[in-house]
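Report on the following structure.
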2 protein chains.
Amino acid sequence: MNSFTEVLQEEEVNHCPKPLILALKDTMNAVKGKWKLPIIAALFHGKNRFKNLQENIEKITPRMLSKELKELEINGIVTRRVLGQSPLLIEYRLTPSGKNITKVIDAMIDWGLTHRKAEIKMTK
Amino acid sequence: MNSFTEVLQEEEVNHCPKPLILALKDTMNAVKGKWKLPIIAALFHGKNRFKNLQENIEKITPRMLSKELKELEINGIVTRRVLGQSPLLIEYRLTPSGKNITKVIDAMIDWGLTHRKAEIKMTK
DNA sequence: TTTAGCACTATACTTTTGTATAGTCTCAAG
DNA sequence: CTTGAGACTATACAAAAGTATAGTGCTAAA
């Protein structure tokens with residue numbers, strides 16, 4: 001297992017192995033910004049069309065939705081398929097990798113919940 | 001266990017439970033930006049003083065270091081202790097929560113590494 | 001032939017995030 | 001009484017991220 005925790009015991013920060021840094025950066029890119037997680041969540045819920053996504057993600061503008069979908073596609077998290085020309089029909093889907101990102105999201109939620117409990121104890 | 005994966009099977013995006021959303025936001029705040037992860041990593045490596053951190057984190061300016069340390073302190077990830085007035089000596093440390101964030105970082109690295117392998121297979 | 005739906009794109013901003021560079025404050029040693 | 005170290009702060013600026021609003025190109029039905 002390659003992990004940050006292990007590396008911390010062995011190496012210096014500045015000598016942290018490049019593949020780990022790259023992996024981290026990839027993940028950060030996959031979730032960063034205001035809209036990536038909401039889009040991924042909506043895709044999980046079977047919202048696969050542009051309009052559909054726009055209606056389900058509160059206050060997102062078409063510009064942002066378009067921009068973010070493109071980025072997610074470039075990063076291999078989402079696929080874009082043309083299903084029909086008339087009416088114009090396009091389907092966005094999560095790739096297998098895109099689906100696996102739930103593992104990261106779960107780790108984030110776990111930490112967040114535990115952290116909140118710890119914070120409440122601290123303040124009282 | 002409260003997880004995103006479970007929620008996805010039961011609920012609508014827009015009805016996603018607030019505590020989970022808050023937990024996610026907390027975690028995002030803990031890692032977001034250019035400098036939070038490098039600072040956390042340096043703290044793990046026992047760099048506990050301002051100057052020390054500045055020397056070990058490449059190209060960070062004192063303004064950014066100061067700003068980020070303050071945010072990390074507010075978010076309960078780092079503590080700041082005054083150890084001496086002369087010479088002025090201040091010690092930054094990760095809280096227990098701050099240390100636990102390795103779990104999130106490990107999940108990110110895991111996903112990133114697996115994702116890269118998947119991407120390479122796709123392109124050849 | 002106009003209207004309407006879908007999937008966007010274009011332009012012009014505003015806000016947030018990060019950079020560059022210099023300066024402050026406090027003490028202590030030379 | 002100047003110099004230097006440590007831990008910052010201040011000001012100005014540049015770049016990135018996000019918002020607001022309007023418009024495009026295609027087709028199909030009224």
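Chain letters run A, B, ... following the sequence lines, proteins first and then strands; every chain starts at 1. Side chains included, hydrogens not; waters and symmetry mates left out as well; all remaining heavy atoms used.
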Atom-pair distance ([atom1] on [X]; [atom2] on [N]), nearest Å:
| X | N | atom1 | atom2 | answer |
| --- | --- | --- | --- | --- |
| A:L69 | C:dA7 | CG | P | 11 Å |
| A:I39 | D:dG18 | CD1 | C1' | 13 Å |
| B:L65 | D:dA7 | CG | P | 10 Å |
| B:F50 | D:dA5 | CZ | C1' | 14 Å |
| B:L89 | C:dC27 | CG | C1' | 13 Å |
| B:E71 | C:dT17 | CD | P | 8 Å |
| A:E91 | C:dC8 | CD | P | 13 Å |
| B:M64 | D:dA12 | CE | C1' | 13 Å |

Per [X] side chain, nearest of listed nucleotides [options]:
| X | options | result |
| --- | --- | --- |
| B:T61 | D:dA7, C:dT21, C:dT9 | C:dT21 |
| B:P62 | C:dA22, D:dA7, D:dT19 | C:dA22 |
| A:E68 | D:dG18, C:dA7, C:dG18 | D:dG18 |
| A:L88 | C:dA7, D:dG18, D:dA17 | C:dA7 |
| B:R49 | D:dA7, C:dA7, C:dC8 | D:dA7 |

N/O (side chain, [X]) to phosphate O (OP1/OP2, [N]) under 4.0 Å:
| X | N | answer |
| --- | --- | --- |
| A:K70 | C:dT9 | yes |
| B:K34 | C:dT19 | yes |
| A:Y92 | C:dC8 | yes |

Work out which heavy atom in [X] is nearest to a heavy atom in [Y]; give both atom names and the distance.
| X | Y | result |
| --- | --- | --- |
| B:F50 | B:P62 | CZ-O, 3.7 Å |
| B:R80 | B:I90 | NH2-CD1, 3.1 Å |
| A:S97 | A:G76 | CB-O, 4.1 Å |

Using a 4.0 Å heavy-atom cut-off, does B:P87 contact any base of the nucleic acid, only the sugar-phosphate backbone, or nothing at all? nothing
NA contact type, B:R63, heavy-atom cut-off 4.0 Å: base, sugar-phosphate, or nothing? base
Residue whose closest nucleotide on DNA chain D lies nearer the 5' end, B:K51 versus B:S66: B:K51
So that I can tick it off, tell me whether A:K47 and A:E55 are bridged by a salt bridge, with the cut-off set at under 4.0 angstrom between side-chain N and carboxylate O. no
Taking A:K103 first and then B:D110, would you say they form a salt bridge - that is, a charged N and a carboxylate O separated by under 4.0 Å? no
